[in-house]
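In this text, all values refer to a predicted model and were calculated from it rather than measured experimentally. Chain A is the first sequence line, chain B the second, and so forth, proteins listed ahead of strands; every chain is numbered from 1.
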There are 2 protein chains.
Amino acid sequence: MSTIYDVARRAGVSPKTVSRVLNSDGPVGEKTRETVEAAMRELGYVRSNAARMMRAQKSGIIGLITGAISTKNQPSTQQGLPDLYIVQGIQRALETSGMTVMIADTAGRNDRVPHLIDTFLSHRVEGLIYVAEYHQEVNLPHLPDDTPLVLANCFDARGTPAVVPDDRRLQRDLVRRLIAAGHRRIAYLSLRPDMAAGRLRPLGYREALDEAGLSFDPALLQHVDFDQSEIGPQLLWDTIDRMLQLEQPPTVLCCGNDQMAMMVYGILRSMGRKMPDEIGVAGFDNYRAIAETLYPPLTTVDLPYNAIGARSGERLMQLISGDGRDDHSPVLVAGPVHWRGSVTELRPENVISFKTLREEKQ
Amino acid sequence: MSTIYDVARRAGVSPKTVSRVLNSDGPVGEKTRETVEAAMRELGYVRSNAARMMRAQKSGIIGLITGAISTKNQPSTQQGLPDLYIVQGIQRALETSGMTVMIADTAGRNDRVPHLIDTFLSHRVEGLIYVAEYHQEVNLPHLPDDTPLVLANCFDARGTPAVVPDDRRLQRDLVRRLIAAGHRRIAYLSLRPDMAAGRLRPLGYREALDEAGLSFDPALLQHVDFDQSEIGPQLLWDTIDRMLQLEQPPTVLCCGNDQMAMMVYGILRSMGRKMPDEIGVAGFDNYRAIAETLYPPLTTVDLPYNAIGARSGERLMQLISGDGRDDHSPVLVAGPVHWRGSVTELRPENVISFKTLREEKQ
DNA sequence: CGGTGTCATGACATCGATGTCATGAACCGA
DNA sequence: TCGGTTCATGACATCGATGTCATGACACCG
């Protein structure tokens, strides 16, 4: 591959002049510039990043550590593709910055993280983002102080800058909307409580109930470990069955995520329940491949992974430029409710007394 | 960040000796080695890739170009996450090679590909892999001859080394299996014929019918552009409705992919058809998030994107080492049929005459 | 017309790791 | 004991781009 020297020789100028043309540094004569540009074209010259970076002491590289790529063939993924969308958002946020994003994958093994960090450091990355597959607490090895780090979709105990979903608010918004549609008996099939989502979302659920003056019925809030491959569906079936046997059965089932909702569709139909007229279903995530393809399409709330990524990227650029290095409060991100065919708006006479609530929603 | 010189000074040796410790090059005295290693530890030394690569004229970097990350929020993704799994496979294949994989995303815009290639060349990648989101023909800009390129999940007219799914064989294997299970009226809801998959898979379908001596009924093979967001579901509904009205209706519906199958589940149930007893459904891709979560679980055939990635990685390493540079035949990859609850094995008395076929399947 | 500035260009050093060659010490066999 | 060998180490050049400083050619001003 040709170098700046080759170009210089061919154009009959000094390497420095070629460099000037490349970077529009100092002044270059019009004719000289053209000769040099021609030479570069003819040789198919591409500037060496290694040499450049070495001189400049800046790599222009952002390192991204994620399991997005390799963890996606678990027996059944409990969530959508959060980390993937996050990565996408990061790329979008950084593409205007001129930085090159390097992605490294953990291959599902957290013990490889230190090694990946080392590789990145050897490339002298200017910043690192660690992306978790679901909202959780993590504990990364320490980094040299001059390399900023942002945690996306996770947080740690050291107060490292983090960007996480606002689970509580999202669930609250969704339930608010269901209430505004006239629903009063709202069941919630939650994720395992050892996950951040399984802890925070029920809080939002209750918050919405409280606001509307609806009493909380413990029988309607159940944690279901639905993605255990064997007994998961059975657990889900039993839980739903029990709820439907209640004296005042729910009119909507809120699911921990869209994938659980998909499973619930099959179960309700096997039970002979008509959706959405007899019973509605709501998801969480707005995992479009599912939410829009299911029949009827799924009402759900948008966990904006893209935005989480984008905000992470922005936060990192901020840190690189030296700003907000001692701001330790996490960035919370939320998204809109998507109202689709899987939940009925109950008849107006039921809804009318909640007019105010409904307006507030907007 | 500290350099080899800092380490040398601290250890009281020359930089070259430090280099020798790092690379286990020439001989180093036991005590010297320990001193140097201690110095490195104390300084938190990490070797600079830029300098190394510059000297060595080798980057140890493989470039990956894909839309895997950004294309995943199309209104409804027509396929699973093929390119993602492919990327995963590539990583797995390359992780033992000591190469660093750099992933660049097209952000859904093919016009950015030349720019990405330039970026990679400026990093002096030792090889490139282009990953397509679905099996198709592509046309990339020319590369300098000394940088090898492999096409994954796509091919071009120039005979660039390529690794693609064996769509024809996969569909044939699936239909063979259905026939072995006793099915005779097998409908095929195919993808658009302008996609490689929409052309090749019907060939496999017919091949399996021919083998078994079953006559081909054109009424049972329909191309459905199901992922047009508005009319898609309606088209699918009408097509299925028409097929079920036939004098001899099908006993199984083969779908162009698992996502179409998911939609078909909803439609059949809305029509009041019981699955799998009245009618079976089969998919394509073994997109597990769908196939295993649907109720009942989906019978489908495994399009092994992982393997496509792995083979691509291996092929690239081969090219880099100089082997098989003039082998232009594409690598074809297939996977197994996954038999799940969405299709019934018809009663033995129906099946018995096909014993031979059934045995052959194994 | 000499001095001062601007413009266009080049010589040279530098970034960090490492290949090449040189040097000195210890060691070995004859 | 001496020439040859191996071992341990260092001096120096090199990779390609670019920052710093220098140089020569004009132009402009008083």
For Ile320(B), the side-chain contact (heavy atoms from CB on, under 4.5 Å) test, sequence neighbours excluded, returns Ile62(B), Met99(B), Glu126(B), Pro148(B), Leu316(B), Met317(B)
Across all chains, not counting sequence neighbours, the side chain to side chain donor-acceptor pair (under 3.5 Å) partners of Asp111(B) are Arg109(B)
Here the ring pair (Phe, Tyr, Trp, His ring centres under 6.0 Å) pairs for residues 136-161 of chain A, sequence neighbours left out, are His135(A)-Phe155(A)
The side chain to side chain donor-acceptor pair (under 3.5 Å) partners of Glu42(B) (sequence neighbours excluded) come to Arg10(B)
Quick check: does any side chain N or O of Arg33(A) sit under 3.5 Å from a backbone N or O of Glu30(A), one acting as donor and the other as acceptor?
no
Those residues at least two apart in sequence (or on a different chain) that pass side chain to side chain donor-acceptor pair (under 3.5 Å) with Thr160(A) are Asp156(A)
When the rotation axes relating C1' atoms of four end pairs to the next four are compared across the helix from dC1(C)-dG30(D) to dA30(C)-dT1(D), five pairs an end, they differ to 10° by 50°
side-chain hydrogen bond (donor to acceptor under 3.5 Å, both in side chains) pairs touching residues 308-326 of chain A, sequence neighbours excluded, are Arg315(A)-Gln318(A)
The contact string for nucleotides 9-18 of chain D, one letter per nucleotide 5' to 3', using protein heavy atoms under 4.0 Å with B, S and - for base, sugar-phosphate only and none, comes out as BBB-BBBBBB
From CD of Glu34(A) across to P of dA8(C) the rounded distance in Å is 14 Å
Side chain to side chain donor-acceptor pair (under 3.5 Å) filter on Asp145(A), not counting sequence neighbours, yields none
